[in-house]
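Only one structure is covered here, and it is reproduced in the block below.
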Amino acid sequence: MQYWLMKSEPDEVSIAHLAAEPDRSFPWTGVRNYQARNFMRDAMHVGDLAFFYHSSCAEPGIAGICEICSAAYPDPTQFSAVDRYYDPKSSPDKPRWWLRDVRFVARTRLLGLPEMRACSALTAMPVLARGNRLSITPVTPAEWQFIAGGLLGLNRFRG
DNA sequence: GCCAACGTTGGC
DNA sequence: GCCAACGTTGGC
């Protein structure tokens with residue numbers, strides 16, 4: 001069991017989309033960064049929890065929680081020539097890009113970047129590092145508890 | 001829309 | 001295997 005932070009542009013997939021279909025599995029398509037791929041392919045487990053982070057939007061920050069709900073499998077968008085995430089160097093017998101499905105767990109209040117930056121307990125989080133672009137990053141148990149149980153006040157994550 | 005930071009590509 | 005050029009990310 002590990003914790004994660006996963007960035008999504010809410011114009012494409014937001015926590016509201018997940019909340020609208022709480023029983024649906026959403027494939028986390030479009031990751032084209034090897035480090036983020038390796039996290040999904042090799043390090044995640046079914047049942048892991050992730051902060052759902054809204055990026056490239058008016059108010060970037062944590063907007064909810066989702067759960068990893070599938071094993072790793074090849075991202076189908078890499079094989080489709082008409083898809084924006086098409087990768088001509090990939091092939092079905094040797095896929096480059098792997099993903100997981102996630103499903104809705106909870107919406108939270110928007111925990112914005114400035115508030116996160118103000119917390120000394122969170123200074124090591126990659127999402128707060130200058131110039132960080134990695135869309136999937138690990139979250140330590142202490143960070144998870146501080147945010148989920150503390151800042152967001154979710155009882156089930158109180159320590 | 002700007003632009004700094006970063007990852008990837010490809011020529012050599 | 002170096003590294004300049006390029007494309008992308010993402011906060012502001």
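Below, read A as the first sequence line, B as the second, and so on, with proteins coming before strands; counting in each chain starts at 1.
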Parallel, tilted or perpendicular: ring planes of Phe157(A) versus Trp144(A), cut at 30 and 60 degrees: perpendicular
Between Ser90(A) and Arg96(A) (side chain of the first, backbone of the second, donor and acceptor by atom type, cut-off under 3.5 Å), is there such a pair? yes
Where each residue is assigned the nucleotide of DNA chain B containing its nearest heavy atom, which of Arg130(A) and Arg32(A) is assigned the position nearer the 5′ end? Arg130(A)
Heavy-atom donor-acceptor pair, Glu115(A) side chain to Gly112(A) backbone, under 3.5 Å: no
Same cluster for Val46(A) and Leu99(A) if Ile/Leu/Val/Met/Phe/Trp/Tyr side chains link at under 4.5 Å? no
Report yes if some heavy atom in the side chain of Arg103(A) is under 4.5 Å from a heavy atom in the side chain of Pro22(A); otherwise report no. no
When you check every protein heavy atom under 4.0 Å of nucleotides 5-12 of chain C, what one-letter string (B, S, -) results, 5' to 3'? --BBBBSS
Which of these passes ring-ring contact (aromatic ring centres under 6.0 Å, His included) with Trp28(A): Phe52(A), Tyr85(A), Tyr73(A), Trp97(A)? Phe52(A)
So, is the end of the Arg24(A) side chain (NZ or CZ) under 6.0 Å from the ring centre of Phe26(A) and within 45° of the ring's axis? yes
Quick one: on DNA chain B, does Lys89(A) or Gly131(A) contact a more 5' nucleotide (nearest heavy atom)? Gly131(A)
Shared ILVMFWY cluster between Leu134(A) and Val127(A), side chains joined below 4.5 angstrom? no
Using atom names, set out every protein N or O paired with an N or O of nucleotides 1-4 of chain C below 3.5 Å, distance rounded to 0.1 Å.
none

